[in-house]
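Comments concern the structure below.
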Protein chains: 2
Amino acid sequence: MKSVEHSMSIAEAAEHTGLSTHTLRYYERAGLMLTPVDRASSRHRRYSDDDIEWVGFLTKLRSALMPIAQVREYVDLVRLGEATTAARLDMLQRHRVSVAAKLDDISQALTAIDAKIAIYSKRNGNE
Amino acid sequence: MKSVEHSMSIAEAAEHTGLSTHTLRYYERAGLMLTPVDRASSRHRRYSDDDIEWVGFLTKLRSALMPIAQVREYVDLVRLGEATTAARLDMLQRHRVSVAAKLDDISQALTAIDAKIAIYSKRNGNE
DNA sequence: ATAAAACTTTGAGTGCACTCGAAGTCAAGG
DNA sequence: CCTTGACTTCGAGTGCACTCAAAGTTTTAT
């Protein structure tokens, strides 16, 4: 059911995804697209709605601090189909745990800095 | 009262701070040390307890995602003395806010991924 | 005394994730 | 048609934060 799919140019795709055209091409070169982005007769890229959605998911992974290389591993698993579901789940969960630890570290550092802020605020005659 | 201060070699400083000797020299070159690290007659670095403590603070700033350039700005303010206390406070607070926002973004992305995990977990074996 | 290990400086190299440039092709308005 | 601007590929450049190399000096252990 990909009937009424309106494809878009790379510029439009950039607008929809919030990435630059450079980054969209870069992701494609890096093997992050689930399926090849199809082309107009002119060889210009035509992004389908599914492509846009997929890029949205990639962006989620990147926003969650997953390195490009690991995103690619994940994508490779997805392309291998259902047999890799468990592996994918495991990967996401492990990543989740490691990021949570990282966030914890950052929070701790922020807390230490807060202590510094508190000291300044006091000393600063701000009561 | 910095009487019984036992200074240490760069190797020992590395051990105490958890940074590499490379990084310690790099931080120094980058102008991040509050005061010049003093040298033995051999020109080998001798890290004082204060130096170690300062590096610990630098590490807190870095752990809280503050870029080197901004850390340097901060250090420059510290060297200018008490007159800059307000500016420093402001800087730390602003940084705190921006990092909090960043952590929020990351958390949101993680939450979205969690949804994906939930889907996988439920129908363990569907696209 | 001598060999090995640790230290010094300075410049260069690495890895990541883009980001840009060049040279050319294609599309849309006047 | 013709120009202007968007698009193509692919290699190169950027910025950050280290990380390492080379060549020489100093310290430590034997």
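Model, not experiment: these values are computed from the prediction. The sequence lines fix the lettering, A, B, ..., with proteins before strands; numbering per chain opens at 1.
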- [ ] Report the residue (A:Ser41 or B:Ala11) whose heavy-atom-nearest nucleotide on DNA chain C is the more 5′ of the two.
- [x]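 The 5'-side residue here is B:Ala11.
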
Task: Nearest-neighbour nucleotide for the A:Tyr26 side chain, C:dT19, C:dC7, C:dC26 considered - done: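 Within the option list, the nearest is C:dT19.
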
Rounding to a whole Å, what distance do you find between [X]:[atom1] and [N]:[atom2]?
X: B:His22; N: D:dC16; atom1: NE2; atom2: P; answer: 22 Å
X: A:Arg45; N: C:dC26; atom1: CZ; atom2: P; answer: 15 Å
X: A:Met66; N: C:dC16; atom1: CE; atom2: P; answer: 15 Å
X: A:Ile10; N: C:dT25; atom1: CD1; atom2: C1'; answer: 15 Å
X: B:Glu12; N: D:dT28; atom1: CD; atom2: P; answer: 10 Å
X: A:Leu19; N: C:dA17; atom1: CG; atom2: P; answer: 14 Å
X: B:Glu28; N: C:dC7; atom1: CD; atom2: C1'; answer: 13 Å
X: A:Glu15; N: D:dA6; atom1: CD; atom2: P; answer: 12 Å

Task: B:Thr84 (side chain) donor-acceptor with B:Ala87 (main chain) under 3.5 angstrom - done: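 Answer holds: no.
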
Open item on the list: Between B:Trp54 (side chain only) and B:Leu32 (backbone N and O only), is there a donor and an acceptor less than 3.5 Å apart?
Closed with: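 Yes; at least one donor-acceptor contact below 3.5 Å.
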
Open item on the list: Please tell me whether B:Val99 and B:Leu61 are part of a single hydrophobic cluster in this structure, the criterion being side-chain heavy atoms less than 4.5 Å apart.
Closed with: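 In one cluster with B:Val99: B:Leu61, no.
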
Answer yes or no: does a side-chain N or O of [X] lie under 4.0 Å from OP1 or OP2 of [N]?
X: A:Arg39; N: D:dT9; value: yes
X: B:Thr23; N: D:dC18; value: no
X: B:Tyr27; N: D:dA17; value: no

Open item on the list: To check you understand the geometry: which heavy-atom pair defines the closest contact between A:Val75 and A:Met33, and what is its length?
Closed with: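 Closest heavy-atom pair between A:Val75 and A:Met33: CG1-O, 4.1 Å.
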
- [ ] Would you check if A:His44 and A:Arg39 make a side-chain contact, meaning some heavy-atom pair closer than 4.5 Å?
- [x]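 A:His44 vs A:Arg39: side chains apart.
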
- [ ] Could you check whether B:Arg62 gets within reach of a base, just the sugar-phosphate, or nothing at all, counting any heavy atom under 4.0 Å?
- [x]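 The answer is sugar-phosphate, as B:Arg62 gets under 4.0 Å only of primed atoms, P, OP1 or OP2.
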
TODO: Would you mind classifying the nucleic acid contact of A:Thr21 as base, sugar-phosphate or nothing, using non-hydrogen atoms under 4.0 angstrom?
DONE: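 If one applies the 4.0 Å heavy-atom cut-off, A:Thr21 turns out to touch nothing in the nucleic acid.
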
- [ ] Report the residue (A:Arg29 or A:His44) whose heavy-atom-nearest nucleotide on DNA chain D is the more 5′ of the two.
- [x]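 So the residue in question is A:His44.
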
Task: 5' precedence on DNA chain D between B:Arg43 and B:Ile68 (nearest-nucleotide basis) - done: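 Residue closer to the 5' terminus by nearest nucleotide: B:Ile68.
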
